[in-house]
Amino acid sequence: MTLPLSYVHPTPDSPWGTYLMQVDRVVPYLGHLAKWVDTLKRPKRALIVDVPIEMDNGDVAHFEGFRVQHNLSRGPGKGGVRYHPDVTLEEVMALAAWMSIKNAAVNLPYGGAKGGIRVDPNTLSMKELERMTRRYTSEIGIIIGPQRDIPAPDVNTNPQIMAWMMDTYSMNTGSTATGVVTGKPVDLGGSLGRVKATGRGVFVTGREAARRLNLNLEGARLAVQGFGNVGSAAAELFAQAGAKIVAAQDHTGTIVNGRGFDMADIMAHVRDSGGVGGFKGAEPMADEAFWDVDCDILIPAALEGQVTADRARRIKAKLVLEGANGPTVPSADDILADRGVLVVPDVICNAGGVTVSYFEWVQDFSSFFWTEDEINLRLDKIMIGALKKIWDTADRHRISLRTATFAVACERILRAREERGLYP
Ligand code: NAD
(Lines give C-alpha, C1' and ligand atoms only; values in the text may rest on other atoms or scores of the structure.)
Protein backbone atom coordinates (compact mmCIF):
# COMPACT_ATOMS: atom_id res chain seq x y z
CA MET A 1 0.00 0.00 0.00
CA THR A 2 2.81 2.44 0.88
CA LEU A 3 4.44 3.80 -2.29
CA PRO A 4 8.05 5.12 -2.30
CA LEU A 5 8.42 8.89 -1.97
CA SER A 6 7.97 10.74 -5.27
CA TYR A 7 10.19 13.73 -4.45
CA VAL A 8 13.57 12.00 -3.96
CA HIS A 9 15.40 9.52 -6.15
CA PRO A 10 17.93 7.79 -3.91
CA THR A 11 20.73 5.59 -5.27
CA PRO A 12 22.55 2.88 -3.23
CA ASP A 13 25.38 5.29 -2.36
CA SER A 14 23.42 8.54 -1.99
CA PRO A 15 22.73 9.76 1.58
CA TRP A 16 19.01 8.87 1.64
CA GLY A 17 19.71 5.56 -0.19
CA THR A 18 22.40 4.76 2.40
CA TYR A 19 20.02 5.53 5.24
CA LEU A 20 17.20 3.41 3.74
CA MET A 21 19.54 0.43 3.42
CA GLN A 22 20.66 0.88 7.04
CA VAL A 23 17.01 0.78 8.13
CA ASP A 24 16.30 -2.33 6.02
CA ARG A 25 19.19 -4.12 7.73
CA VAL A 26 17.69 -3.57 11.18
CA VAL A 27 14.19 -4.89 10.40
CA PRO A 28 14.96 -8.54 11.43
CA TYR A 29 15.84 -7.30 14.95
CA LEU A 30 12.73 -5.20 15.57
CA GLY A 31 10.27 -7.97 16.46
CA HIS A 32 6.62 -6.86 16.35
CA LEU A 33 7.70 -3.19 16.09
CA ALA A 34 8.78 -3.91 12.49
CA LYS A 35 5.20 -3.20 11.43
CA TRP A 36 5.84 0.51 12.09
CA VAL A 37 9.11 0.66 10.14
CA ASP A 38 7.73 2.63 7.16
CA THR A 39 7.42 5.54 9.57
CA LEU A 40 11.24 5.75 9.52
CA LYS A 41 11.39 5.71 5.72
CA ARG A 42 9.78 9.10 5.19
CA PRO A 43 10.23 12.43 6.94
CA LYS A 44 7.33 13.70 9.01
CA ARG A 45 7.72 17.18 7.53
CA ALA A 46 10.03 18.80 4.94
CA LEU A 47 10.04 22.55 4.41
CA ILE A 48 11.70 24.14 1.36
CA VAL A 49 12.18 27.89 1.55
CA ASP A 50 13.40 30.60 -0.77
CA VAL A 51 16.01 32.79 0.92
CA PRO A 52 16.37 36.06 -1.02
CA ILE A 53 18.89 38.62 0.25
CA GLU A 54 20.32 41.90 -0.91
CA MET A 55 24.03 41.49 -1.66
CA ASP A 56 26.53 44.20 -0.71
CA ASN A 57 26.63 45.40 -4.35
CA GLY A 58 22.84 45.93 -4.43
CA ASP A 59 21.99 42.76 -6.43
CA VAL A 60 19.39 40.35 -5.09
CA ALA A 61 20.47 36.70 -4.74
CA HIS A 62 18.21 33.73 -3.98
CA PHE A 63 19.32 30.68 -1.97
CA GLU A 64 17.58 27.35 -1.50
CA GLY A 65 16.91 26.56 2.17
CA PHE A 66 15.56 23.46 3.88
CA ARG A 67 14.40 22.28 7.30
CA VAL A 68 13.37 18.66 7.61
CA GLN A 69 11.78 17.10 10.70
CA HIS A 70 12.23 13.39 10.24
CA ASN A 71 10.56 12.01 13.35
CA LEU A 72 9.07 13.70 16.43
CA SER A 73 7.73 10.64 18.28
CA ARG A 74 10.14 11.04 21.22
CA GLY A 75 10.26 14.84 21.52
CA PRO A 76 11.00 18.06 19.64
CA GLY A 77 13.16 17.99 16.53
CA LYS A 78 16.90 18.43 17.06
CA GLY A 79 19.69 18.73 14.52
CA GLY A 80 22.13 21.13 12.93
CA VAL A 81 22.07 23.58 10.05
CA ARG A 82 24.58 23.16 7.21
CA TYR A 83 25.76 25.83 4.74
CA HIS A 84 27.32 24.11 1.72
CA PRO A 85 27.01 24.36 -2.09
CA ASP A 86 26.13 20.62 -2.33
CA VAL A 87 23.18 20.76 0.10
CA THR A 88 20.03 19.14 -1.35
CA LEU A 89 16.65 18.14 0.05
CA GLU A 90 17.74 14.50 -0.14
CA GLU A 91 20.91 15.15 1.86
CA VAL A 92 19.02 17.11 4.53
CA MET A 93 16.43 14.31 4.77
CA ALA A 94 19.16 11.75 5.43
CA LEU A 95 20.92 13.99 7.95
CA ALA A 96 17.58 14.54 9.76
CA ALA A 97 16.92 10.80 9.82
CA TRP A 98 20.38 10.07 11.23
CA MET A 99 19.58 12.62 13.97
CA SER A 100 16.44 10.62 14.91
CA ILE A 101 18.59 7.50 15.22
CA LYS A 102 21.41 9.27 17.08
CA ASN A 103 19.15 11.03 19.59
CA ALA A 104 17.37 7.77 20.36
CA ALA A 105 20.66 5.83 20.56
CA VAL A 106 21.87 8.05 23.42
CA ASN A 107 18.30 8.24 24.78
CA LEU A 108 17.87 12.01 24.51
CA PRO A 109 14.22 13.17 24.62
CA TYR A 110 14.34 14.43 21.04
CA GLY A 111 13.21 13.54 17.56
CA GLY A 112 15.46 14.14 14.56
CA ALA A 113 15.68 17.21 12.33
CA LYS A 114 18.22 18.99 10.12
CA GLY A 115 18.45 22.12 8.03
CA GLY A 116 20.63 23.54 5.33
CA ILE A 117 21.18 26.23 2.75
CA ARG A 118 22.65 25.53 -0.66
CA VAL A 119 25.38 28.15 -0.63
CA ASP A 120 29.14 28.50 -0.55
CA PRO A 121 29.45 30.71 2.54
CA ASN A 122 33.08 31.53 1.68
CA THR A 123 31.77 33.71 -1.16
CA LEU A 124 29.65 35.88 1.19
CA SER A 125 30.70 38.88 3.23
CA MET A 126 29.95 38.82 6.97
CA LYS A 127 26.96 41.13 6.42
CA GLU A 128 25.59 38.95 3.60
CA LEU A 129 26.03 35.86 5.81
CA GLU A 130 24.09 37.57 8.58
CA ARG A 131 21.26 38.67 6.24
CA MET A 132 21.01 35.16 4.77
CA THR A 133 20.95 33.55 8.23
CA ARG A 134 18.28 35.95 9.50
CA ARG A 135 16.03 35.52 6.45
CA TYR A 136 16.41 31.71 6.59
CA THR A 137 15.55 31.73 10.31
CA SER A 138 12.43 33.81 9.65
CA GLU A 139 11.37 31.47 6.83
CA ILE A 140 11.74 28.30 8.94
CA GLY A 141 10.39 30.17 12.01
CA ILE A 142 6.98 28.59 11.37
CA ILE A 143 8.25 25.16 12.41
CA ILE A 144 11.15 25.75 14.85
CA GLY A 145 11.00 26.76 18.52
CA PRO A 146 12.35 25.71 21.94
CA GLN A 147 9.60 23.06 22.29
CA ARG A 148 9.26 22.25 18.59
CA ASP A 149 12.59 21.99 16.80
CA ILE A 150 15.98 23.25 17.97
CA PRO A 151 18.73 23.89 15.36
CA ALA A 152 22.49 23.77 16.12
CA PRO A 153 25.77 24.19 14.22
CA ASP A 154 26.93 21.81 11.49
CA VAL A 155 29.28 22.20 8.51
CA ASN A 156 30.16 25.90 7.98
CA THR A 157 27.90 27.17 10.76
CA ASN A 158 29.14 28.28 14.18
CA PRO A 159 28.22 30.02 17.48
CA GLN A 160 27.94 33.46 15.77
CA ILE A 161 25.40 32.08 13.28
CA MET A 162 23.48 30.49 16.18
CA ALA A 163 23.45 33.90 17.93
CA TRP A 164 21.89 35.51 14.81
CA MET A 165 19.32 32.70 14.62
CA MET A 166 18.43 33.09 18.29
CA ASP A 167 18.13 36.87 17.94
CA THR A 168 15.98 36.66 14.79
CA TYR A 169 13.61 34.10 16.29
CA SER A 170 13.40 36.17 19.50
CA MET A 171 12.67 39.40 17.56
CA ASN A 172 9.91 37.66 15.59
CA THR A 173 8.26 36.17 18.69
CA GLY A 174 8.71 39.17 20.98
CA SER A 175 10.75 37.63 23.80
CA THR A 176 14.27 36.30 24.20
CA ALA A 177 14.18 32.57 23.50
CA THR A 178 17.64 31.24 24.27
CA GLY A 179 16.42 27.62 24.00
CA VAL A 180 15.55 27.90 20.29
CA VAL A 181 19.08 26.96 19.19
CA THR A 182 22.07 25.29 20.82
CA GLY A 183 25.75 25.83 20.14
CA LYS A 184 25.31 29.53 21.01
CA PRO A 185 28.09 31.70 22.46
CA VAL A 186 28.40 31.08 26.22
CA ASP A 187 27.38 34.75 26.92
CA LEU A 188 23.97 34.07 25.34
CA GLY A 189 23.08 30.87 27.19
CA GLY A 190 25.51 28.60 25.40
CA SER A 191 27.05 25.70 27.28
CA LEU A 192 30.63 25.30 28.34
CA GLY A 193 32.16 22.34 26.53
CA ARG A 194 29.77 22.50 23.53
CA VAL A 195 32.33 23.57 20.91
CA LYS A 196 34.52 20.53 21.52
CA ALA A 197 31.76 18.11 22.57
CA THR A 198 31.45 16.23 19.27
CA GLY A 199 35.21 15.71 19.06
CA ARG A 200 35.21 14.63 22.69
CA GLY A 201 32.51 12.04 21.99
CA VAL A 202 34.57 10.72 19.06
CA PHE A 203 37.55 10.41 21.41
CA VAL A 204 35.59 8.73 24.23
CA THR A 205 33.96 6.14 21.94
CA GLY A 206 37.27 5.69 20.10
CA ARG A 207 39.14 5.06 23.35
CA GLU A 208 36.60 2.37 24.32
CA ALA A 209 36.84 0.73 20.90
CA ALA A 210 40.66 0.84 20.98
CA ARG A 211 40.61 -0.84 24.40
CA ARG A 212 38.51 -3.68 23.01
CA LEU A 213 40.92 -4.05 20.08
CA ASN A 214 43.94 -3.99 22.42
CA LEU A 215 45.16 -0.98 20.46
CA ASN A 216 47.34 1.26 22.61
CA LEU A 217 46.59 4.95 22.02
CA GLU A 218 50.13 5.84 23.07
CA GLY A 219 51.94 6.02 19.73
CA ALA A 220 48.86 5.06 17.66
CA ARG A 221 48.88 6.72 14.21
CA LEU A 222 45.79 8.74 13.23
CA ALA A 223 44.58 10.06 9.88
CA VAL A 224 41.86 12.71 10.00
CA GLN A 225 39.68 13.87 7.11
CA GLY A 226 38.05 17.21 7.89
CA PHE A 227 39.94 19.46 10.29
CA GLY A 228 36.98 21.59 11.36
CA ASN A 229 35.04 21.62 14.58
CA VAL A 230 34.79 17.82 14.90
CA GLY A 231 38.03 16.60 13.33
CA SER A 232 40.39 19.06 15.03
CA ALA A 233 38.86 18.62 18.51
CA ALA A 234 39.04 14.82 18.22
CA ALA A 235 42.63 15.00 16.94
CA GLU A 236 43.67 17.22 19.86
CA LEU A 237 42.29 14.78 22.44
CA PHE A 238 43.91 11.77 20.76
CA ALA A 239 47.20 13.68 20.64
CA GLN A 240 46.88 14.44 24.37
CA ALA A 241 46.42 10.69 24.92
CA GLY A 242 49.75 10.05 23.16
CA ALA A 243 48.58 9.34 19.60
CA LYS A 244 50.37 10.81 16.54
CA ILE A 245 48.33 12.66 13.91
CA VAL A 246 50.16 11.53 10.75
CA ALA A 247 47.78 12.73 8.00
CA ALA A 248 45.02 15.29 7.56
CA GLN A 249 42.83 16.35 4.70
CA ASP A 250 40.35 19.18 4.25
CA HIS A 251 39.00 21.32 1.42
CA THR A 252 42.38 23.12 1.18
CA GLY A 253 44.54 20.01 0.69
CA THR A 254 46.06 16.83 2.10
CA ILE A 255 49.18 16.67 4.29
CA VAL A 256 51.27 13.87 5.78
CA ASN A 257 54.08 13.49 8.32
CA GLY A 258 54.90 9.98 9.60
CA ARG A 259 56.40 11.44 12.80
CA GLY A 260 53.16 13.23 13.66
CA PHE A 261 52.14 16.91 13.53
CA ASP A 262 52.82 19.37 16.29
CA MET A 263 49.22 19.99 17.41
CA ALA A 264 49.68 23.58 18.58
CA ASP A 265 51.34 24.48 15.24
CA ILE A 266 48.68 22.87 13.05
CA MET A 267 45.83 24.36 15.08
CA ALA A 268 47.38 27.82 14.71
CA HIS A 269 47.92 27.27 10.97
CA VAL A 270 44.28 26.21 10.44
CA ARG A 271 43.04 29.16 12.49
CA ASP A 272 45.15 31.66 10.52
CA SER A 273 44.85 30.25 6.99
CA GLY A 274 41.46 28.49 7.05
CA GLY A 275 42.73 24.97 6.36
CA VAL A 276 45.50 22.39 6.60
CA GLY A 277 46.90 23.12 3.11
CA GLY A 278 50.34 24.76 3.18
CA PHE A 279 51.18 23.59 6.73
CA LYS A 280 54.97 23.79 7.11
CA GLY A 281 55.23 20.86 9.54
CA ALA A 282 54.12 18.27 6.95
CA GLU A 283 54.45 17.29 3.29
CA PRO A 284 51.64 17.93 0.79
CA MET A 285 50.15 14.81 -0.78
CA ALA A 286 47.68 13.99 -3.59
CA ASP A 287 44.13 14.00 -2.18
CA GLU A 288 43.31 10.43 -3.21
CA ALA A 289 46.51 9.09 -1.56
CA PHE A 290 45.00 10.01 1.83
CA TRP A 291 43.10 6.69 1.80
CA ASP A 292 46.36 4.70 1.40
CA VAL A 293 48.12 6.28 4.39
CA ASP A 294 49.65 3.90 6.91
CA CYS A 295 47.68 4.49 10.10
CA ASP A 296 45.95 2.67 12.96
CA ILE A 297 42.89 4.89 13.32
CA LEU A 298 41.02 6.76 10.59
CA ILE A 299 38.59 9.55 11.44
CA PRO A 300 36.41 10.72 8.55
CA ALA A 301 35.10 14.06 9.89
CA ALA A 302 34.09 15.96 6.73
CA LEU A 303 31.12 14.98 4.55
CA GLU A 304 28.96 11.98 3.59
CA GLY A 305 29.91 9.27 1.12
CA GLN A 306 33.69 9.64 1.53
CA VAL A 307 34.45 5.99 2.33
CA THR A 308 33.54 4.34 -0.98
CA ALA A 309 33.95 0.63 -1.82
CA ASP A 310 37.26 1.33 -3.59
CA ARG A 311 38.66 3.33 -0.68
CA ALA A 312 37.43 0.73 1.85
CA ARG A 313 39.65 -1.86 0.15
CA ARG A 314 42.71 0.41 0.57
CA ILE A 315 42.25 1.73 4.11
CA LYS A 316 45.09 0.55 6.39
CA ALA A 317 43.48 1.47 9.73
CA LYS A 318 42.12 -1.17 12.11
CA LEU A 319 39.61 1.27 13.54
CA VAL A 320 37.38 3.82 11.77
CA LEU A 321 35.71 6.47 13.92
CA GLU A 322 32.91 8.22 12.06
CA GLY A 323 33.08 11.85 13.18
CA ALA A 324 31.13 12.90 10.08
CA ASN A 325 27.53 11.95 9.42
CA GLY A 326 27.10 9.23 6.80
CA PRO A 327 30.76 9.02 5.68
CA THR A 328 30.60 5.30 4.76
CA VAL A 329 28.40 3.92 1.96
CA PRO A 330 26.80 0.48 2.62
CA SER A 331 28.99 -1.42 0.12
CA ALA A 332 32.10 0.01 1.84
CA ASP A 333 30.69 -0.97 5.23
CA ASP A 334 30.52 -4.59 4.08
CA ILE A 335 34.08 -4.51 2.71
CA LEU A 336 35.46 -3.05 5.96
CA ALA A 337 33.61 -5.72 7.98
CA ASP A 338 35.01 -8.49 5.74
CA ARG A 339 38.51 -7.07 6.22
CA GLY A 340 38.07 -7.02 10.01
CA VAL A 341 38.17 -3.22 10.29
CA LEU A 342 36.07 -2.05 13.23
CA VAL A 343 33.76 0.89 12.46
CA VAL A 344 32.26 2.97 15.27
CA PRO A 345 29.29 4.42 13.38
CA ASP A 346 28.35 8.10 13.21
CA VAL A 347 25.05 7.57 15.01
CA ILE A 348 26.93 6.88 18.26
CA CYS A 349 30.48 8.11 17.53
CA ASN A 350 29.56 11.75 16.93
CA ALA A 351 26.62 11.92 19.38
CA GLY A 352 28.67 13.94 21.88
CA GLY A 353 27.68 17.22 20.21
CA VAL A 354 23.95 16.72 20.46
CA THR A 355 24.34 15.38 23.99
CA VAL A 356 25.93 18.63 25.15
CA SER A 357 23.34 20.51 23.06
CA TYR A 358 20.76 18.74 25.20
CA PHE A 359 22.64 19.90 28.33
CA GLU A 360 22.62 23.45 26.91
CA TRP A 361 18.85 23.32 26.30
CA VAL A 362 18.22 22.01 29.83
CA GLN A 363 20.48 24.72 31.30
CA ASP A 364 18.64 27.42 29.29
CA PHE A 365 15.26 26.24 30.61
CA SER A 366 16.43 26.10 34.21
CA SER A 367 18.61 29.24 33.89
CA PHE A 368 21.19 27.38 35.93
CA PHE A 369 24.57 26.69 34.37
CA TRP A 370 26.97 23.83 35.03
CA THR A 371 30.76 23.84 35.16
CA GLU A 372 32.77 22.41 32.26
CA ASP A 373 33.91 19.53 34.49
CA GLU A 374 30.30 18.62 35.27
CA ILE A 375 29.45 18.72 31.58
CA ASN A 376 32.38 16.57 30.49
CA LEU A 377 31.73 14.06 33.28
CA ARG A 378 28.05 13.70 32.33
CA LEU A 379 28.94 13.53 28.63
CA ASP A 380 31.50 10.75 29.16
CA LYS A 381 29.03 8.79 31.31
CA ILE A 382 26.24 8.99 28.70
CA MET A 383 28.54 8.11 25.79
CA ILE A 384 30.15 5.15 27.58
CA GLY A 385 26.76 3.83 28.80
CA ALA A 386 25.16 4.15 25.34
CA LEU A 387 28.13 2.47 23.65
CA LYS A 388 28.04 -0.42 26.14
CA LYS A 389 24.36 -1.08 25.44
CA ILE A 390 25.06 -1.00 21.70
CA TRP A 391 28.06 -3.30 22.03
CA ASP A 392 26.02 -5.79 24.10
CA THR A 393 23.33 -5.74 21.39
CA ALA A 394 25.95 -6.29 18.68
CA ASP A 395 27.44 -9.24 20.59
CA ARG A 396 24.02 -10.77 21.31
CA HIS A 397 22.88 -10.74 17.66
CA ARG A 398 26.37 -10.97 16.08
CA ILE A 399 25.77 -7.80 14.09
CA SER A 400 27.83 -4.70 13.31
CA LEU A 401 27.92 -1.76 15.71
CA ARG A 402 25.98 0.24 13.09
CA THR A 403 23.11 -2.24 12.88
CA ALA A 404 23.18 -2.59 16.68
CA THR A 405 22.91 1.19 17.11
CA PHE A 406 20.00 1.26 14.67
CA ALA A 407 18.40 -1.67 16.58
CA VAL A 408 18.59 0.14 19.93
CA ALA A 409 17.44 3.45 18.45
CA CYS A 410 14.68 2.15 16.16
CA GLU A 411 13.23 0.10 18.99
CA ARG A 412 12.98 3.24 21.15
CA ILE A 413 11.48 5.34 18.35
CA LEU A 414 8.98 2.72 17.21
CA ARG A 415 7.95 1.87 20.78
CA ALA A 416 7.12 5.55 21.29
CA ARG A 417 5.28 5.47 17.96
CA GLU A 418 3.22 2.49 19.03
CA GLU A 419 2.48 3.83 22.52
CA ARG A 420 1.32 7.17 21.14
CA GLY A 421 -0.89 5.38 18.60
CA LEU A 422 -1.86 6.49 15.14
CA TYR A 423 -3.68 9.83 14.96
CA PRO A 424 -6.64 10.22 14.40
P1 NAD B 1 33.21 22.26 9.92
O2 NAD B 1 32.60 23.17 8.94
O3 NAD B 1 33.73 22.81 11.21
O4 NAD B 1 34.38 21.43 9.24
C5 NAD B 1 34.19 20.71 8.07
C6 NAD B 1 35.54 20.19 7.62
O7 NAD B 1 35.37 19.38 6.44
C8 NAD B 1 36.49 21.32 7.23
O9 NAD B 1 37.79 21.00 7.70
C10 NAD B 1 36.46 21.28 5.70
O11 NAD B 1 37.63 21.78 5.12
C12 NAD B 1 36.31 19.80 5.47
N13 NAD B 1 35.85 19.50 4.12
C14 NAD B 1 34.83 20.08 3.44
N15 NAD B 1 34.75 19.55 2.20
C16 NAD B 1 35.73 18.64 2.10
C17 NAD B 1 36.16 17.76 1.09
N18 NAD B 1 35.55 17.73 -0.10
N19 NAD B 1 37.22 16.94 1.33
C20 NAD B 1 37.85 16.96 2.53
N21 NAD B 1 37.47 17.76 3.53
C22 NAD B 1 36.44 18.59 3.33
O23 NAD B 1 32.10 21.12 10.20
P24 NAD B 1 32.00 20.14 11.42
O25 NAD B 1 31.00 20.72 12.37
O26 NAD B 1 33.35 19.76 11.90
O27 NAD B 1 31.29 18.89 10.73
C28 NAD B 1 32.04 17.85 10.10
C29 NAD B 1 31.17 16.60 10.04
O30 NAD B 1 30.77 16.25 11.37
C31 NAD B 1 29.87 16.75 9.25
O32 NAD B 1 29.56 15.52 8.65
C33 NAD B 1 28.84 17.05 10.33
O34 NAD B 1 27.52 16.71 9.95
C35 NAD B 1 29.35 16.15 11.43
N36 NAD B 1 28.91 16.50 12.78
C37 NAD B 1 29.10 17.74 13.30
C38 NAD B 1 28.68 18.01 14.59
C39 NAD B 1 28.95 19.32 15.26
O40 NAD B 1 28.65 19.43 16.47
N41 NAD B 1 29.50 20.31 14.61
C42 NAD B 1 28.02 17.03 15.33
C43 NAD B 1 27.85 15.77 14.77
C44 NAD B 1 28.30 15.52 13.50
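Just follow the structure's listing: the first ligand is 1, and inside any ligand the first atom is 1. Hydrogens, waters and symmetry mates play no part in the numbers below; they use all other heavy atoms, side chains included.
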Working to the nearest 0.5 Å, report the span between [atom1] of [X] and [atom2] of [Y].
X    : Y    : atom1 : atom2 : result
T182 : M166 : OG1   : CE    : 12.0 Å
E322 : I348 : CD    : CD1   : 12.0 Å
T252 : Q249 : OG1   : CD    : 9.5 Å
R134 : R131 : CZ    : CZ    : 11.0 Å
N325 : D154 : CG    : CG    : 6.5 Å
L40  : L20  : CG    : CG    : 10.0 Å

Can you name the residues that form a side chain to side chain donor-acceptor pair (under 3.5 Å) with D373, not counting sequence neighbours?
-> none
Nearest non-hydrogen protein atom, [atom]:
atom                    : result
atom 18 (N) of ligand 1 : L303 CD1, 4.3 Å
atom 2 (O) of ligand 1  : N156 N, 2.9 Å
atom 9 (O) of ligand 1  : F227 N, 2.9 Å
atom 10 (C) of ligand 1 : H251 ND1, 3.6 Å
atom 25 (O) of ligand 1 : N229 CB, 3.7 Å
atom 23 (O) of ligand 1 : V155 CA, 3.5 Å

Would you mind running through ligand 1 and noting each atom that sits below 4.0 Å from a heavy atom of [X]?
X    : answer
R194 : 40 (O)
D154 : 25 (O), 33 (C), 34 (O), 36 (N), 37 (C)
G226 : 6 (C), 7 (O), 9 (O), 12 (C)
R82  : 31 (C), 32 (O), 33 (C), 34 (O)
A302 : 7 (O), 13 (N), 21 (N), 22 (C), 28 (C), 29 (C), 31 (C), 32 (O)

From D346, V195, T198 - option closest to atom 43 (C) of ligand 1 by heavy atom |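 Heavy atom nearest to atom 43 (C) of ligand 1 belongs to T198.
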Ignoring angles and geometry beyond distance, decide whether [X] reaches within less than 3.5 Å of ligand 1 through its nitrogen or oxygen atoms.
X    : result
N350 : no
L95  : no
H84  : no
G228 : yes
V230 : yes

Give the intermediate values and the outcome of salt bridge (charged side-chain N to carboxylate O under 4.0 Å, His left out) for residues R314 and E288.
-> CA-CA 11 Å; R314 290 153 45 202; E288 194 51 36; 3.0 Å; yes
Salt-bridged, K280 to D262, with N to O below 4.0 Å?
-> no
Under 4.0 Å, heavy atoms only, figure out whether ligand 1 is touched by the backbone of A301, its side chain, both or neither.
->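 A301 to ligand 1: backbone contact only, side chain stays beyond 4.0 Å.
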What part of Q225, side chain from CB on, backbone N/CA/C/O, both or neither, has a heavy atom under 4.0 Å from ligand 1?
-> side chain
With sequence neighbours excluded, tell me which residues meet ring pair (Phe, Tyr, Trp, His ring centres under 6.0 Å) with F238.
->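 Scan of F238 (ring pair (Phe, Tyr, Trp, His ring centres under 6.0 Å), adjacent residues dropped) gives F203.
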Side chains of K102 and N350: donor-acceptor distance under 3.5 Å anywhere?
->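 K102 vs N350: donor-acceptor pair found between side chains.
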Kindly say whether the aromatic ring centers of Y19 and H70 come within a distance under 6.0 Å.
-> yes
